[in-house]
Number of protein chains: 2
Amino acid sequence: MIKVAIVDDHRLFRQGLSVILASKESVEVVGKYESAIELLKALPDLEVDLILLDIDMSEMDGITAAPEIFKIKPTVKVVILSMHLSSHKIQDAVAAKVHGYLLKTSSDEEVVAAIEQVMSGKDYFSKEAHEQLVESFRARDEGQEVELTPREIEILKLVCEEMNSQEIAEKLFISVHTAETHRRNLLSKTGCRNSVGLVRFAMDRGYC
Amino acid sequence: MIKVAIVDDHRLFRQGLSVILASKESVEVVGKYESAIELLKALPDLEVDLILLDIDMSEMDGITAAPEIFKIKPTVKVVILSMHLSSHKIQDAVAAKVHGYLLKTSSDEEVVAAIEQVMSGKDYFSKEAHEQLVESFRARDEGQEVELTPREIEILKLVCEEMNSQEIAEKLFISVHTAETHRRNLLSKTGCRNSVGLVRFAMDRGYC
DNA sequence: AATACACTACCGAAATATGAGTATATTTTG
DNA sequence: CAAAATATACTCATATTTCGGTAGTGTATT
């Protein structure tokens with residue numbers, strides 16, 4: 001029996017998945033948590049083989065939580081359960097060294113298959129996630145992997161709050177020129193045409 | 001036994017909820033659909049008392065679907081199951097005359113309670129949804145109920161696509177002045193400070 | 001020591017957006 | 001039909017963004 005924990009802030013989903021998995025022969029649900037923080041608290045005393053981790057959670061998202069999980073229990077397996085097919089999230093998930101990525105549109109059979117495969121030592125990425133990943137690598141070859149500096153991210157967030165360069169400068173105690181330079185660099189790095197593009201970029205990346 | 005149908009594009013959620021509800025005495029799940037369109041197709045021949053309807057679906061969202069459902073089966077009850085607590089969505093749901101609004105963070109007991117209450121003829125709105133609704137009405141008293149004209153929505157969408165007034169004008173075969181006027185009206189109606197605010201507004205309203 | 005990078009700051013100019021008005025044609029609606 | 005709402009177009013003025021440069025300073029890495 002594979003000991004599985006479920007982390008998802010939607011109680012109905014958590015309970016439903018738990019009932020489904022409980023009916024499977026190879027799987028045993030040993031814990032349900034409504035946030036990554038709760039899981040992290042319980043983890044040291046938890047006997048668990050694999051964690052099904054939601055991404056979109058309010059307090060701490062799954063991808064941030066994964067490294068923390070591995071710090072506490074380096075041998076535990078982590079499989080991401082996500083709603084949407086965001087290429088950045090998949091890339092982040094891979095970078096966080098999770099062992100699998102599933103969509104909530106999957107069937108229960110696929111979840112069990114993924115759990116079993118991951119426990120056997122192989123990673124499991126759903127077909128859609130896999131395709132998205134391949135596409136991302138292609139796009140990377142084509143040219144751009146957008147890497148923002150911490151300061152740029154800071155400026156980006158303020159742009160998203162409807163602030164103009166003047167206000168950003170005042171808020172960060174820098175010159176307007178500097179704020180403008182950062183904005184220009186943001187535009188050129190992201191390939192956006194204007195601030196509208198920046199907001200969309202920021203939202204896609206989860207910066208706001 | 002109350003005959004219930006479930007509409008949600010996440011198969012795991014759909015199946016999980018179905019299993020949960022199947023174990024309840026008063027409820028019988030008579031159908032599961034992964035999109036509103038599928039449900040609408042099946043509806044004429046479906047004996048159903050109440051439909052649990054997800055909001056965030058790719059093809060047709062729940063709130064758009066509700067009126068179509070009532071056209072086909074005027075007596076059926078509709079309860080919205082949503083992930084997030086967006087005040088606009090709740091308002092839209094109320095406007096669409098659905099009979100209930102639940103969050104996916106609810107417990108299974110609350111879902112059953114809601115189903116039973118709605119079937120008894122009363123509406124059921126979760127505590128959080130109710131509070132949000134009260135707040136919205138307060139905000140309405142304070143001043144603004146933002147109503148955009150179809151043309152304004154059209155301009156708004158193009159703004160969200162990183163187009164400037166010149167390009168919008170060309171695209172819509174109107175003068176730049178007109179495009180600019182629409183933009184300014186959008187800013188003043190929504191109370192936003194710049195285009196960045198407009199994008200966020202548009203996203204919140206589901207225009208993009 | 002040299003190189004690279006991030007952050008900072010500036011200049012000048014062109015393109016766009018925003019603010020405050022006015023005005024008219026068309027469509028919708030009571 | 002008349003009134004109201006909507007879409008259209010304009011002027012003048014100012015603010016802001018965007019684009020093209022250049023460049024010093026500190027820090028980390030090779």
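Computed over heavy atoms, backbone and side chain alike; hydrogens, waters and symmetry mates excluded.
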Using atom CD of B:Glu162 as one end and atom P of D:dT18 as the other, report the distance to the nearest whole Å. 10 Å
Side chains of A:Leu81 and A:Leu103: does their closest heavy-atom pair fall under 4.5 Å? no
Check this for me: does any side-chain nitrogen of one of B:Lys32 and B:Asp8 sit under 4.0 Å from a carboxylate oxygen of the other? no
Report the relative orientation of the aromatic rings in B:Phe13 and A:Phe13; use parallel for angles under 30°, tilted for 30 to 60°, perpendicular for over 60°. parallel
side-chain contact (heavy atoms from CB on, under 4.5 Å) partner of A:Met163, chosen from A:Glu170, A:Lys171, A:Lys157: A:Lys171
From CG of A:Leu186 over to C1' of D:dC19, roughly how many Å is that when rounded to an integer? 15 Å
Does A:Asn194 make a side-chain N or O approach to OP1 or OP2 of D:dT17 shorter than 4.0 Å? no
Does D:dT18 have OP1 or OP2 under 4.0 Å away from a side-chain N or O of A:Arg193? no
Close side-chain approach of A:Ile51 to A:Val79, heavy-atom, < 4.5 Å: no
Side-chain atoms of A:Arg184 come closest, of D:dC19, C:dT18, C:dA6, to D:dC19
In terms of ring plane angle, is the pair A:Tyr207 and A:Phe201 parallel, tilted or perpendicular, where the classes change at 30° and 60°? tilted
Compare all side-chain heavy atoms of B:Arg183 with those of B:Ile168 and state whether any distance is below 4.5 angstrom. yes
Using the C1' atoms of five pairs at each end, what's the angle between the two axes of the helix from C:dA1-D:dT30 to C:dG30-D:dC1, to 10 degrees? 60°
In this structure, how many angstroms lie between the C1' atom of C:dG21 and the CG atom of B:Leu187, rounded? 16 Å
Non-hydrogen side-chain atoms of B:Glu68 and B:Ile72 separated by less than 4.5 Å: no
Side-chain atoms of B:Ser195 come closest, of C:dA17, D:dT17, D:dA7, to C:dA17
Integer-rounded Å distance: D:dT6 C1' and B:Arg183 CZ: 20 Å
Distance below 4.0 Å between B:Arg151 side-chain N/O and D:dT8 OP1 or OP2: yes
Rounded to whole angstrom units, what separation is found between the CG atom of A:Asn185 and the C1' atom of C:dC10? 14 Å
Counting only non-hydrogen atoms, which of residues 167-182 of chain B are less than 4.0 Å from DNA chain C? B:Glu180
Calculate the interatomic distance between A:Asn164 atom CG and C:dT18 atom P; express it in whole Å. 11 Å
Can you tell me which residue among B:Glu110, B:Lys77, B:Glu116 is in a side chain to side chain donor-acceptor pair (under 3.5 Å) with B:Tyr124? B:Glu110
Taking only the side-chain nitrogens and oxygens of A:Thr149, find out if one of them lies under 4.0 Å from OP1 or OP2 of C:dA6. no
Send over the distance from B:Met163 CE to C:dA15 P, rounded to a whole Å. 19 Å
Between atom CD in A:Glu147 and atom C1' in C:dA4, what is the gap in whole Å? 15 Å
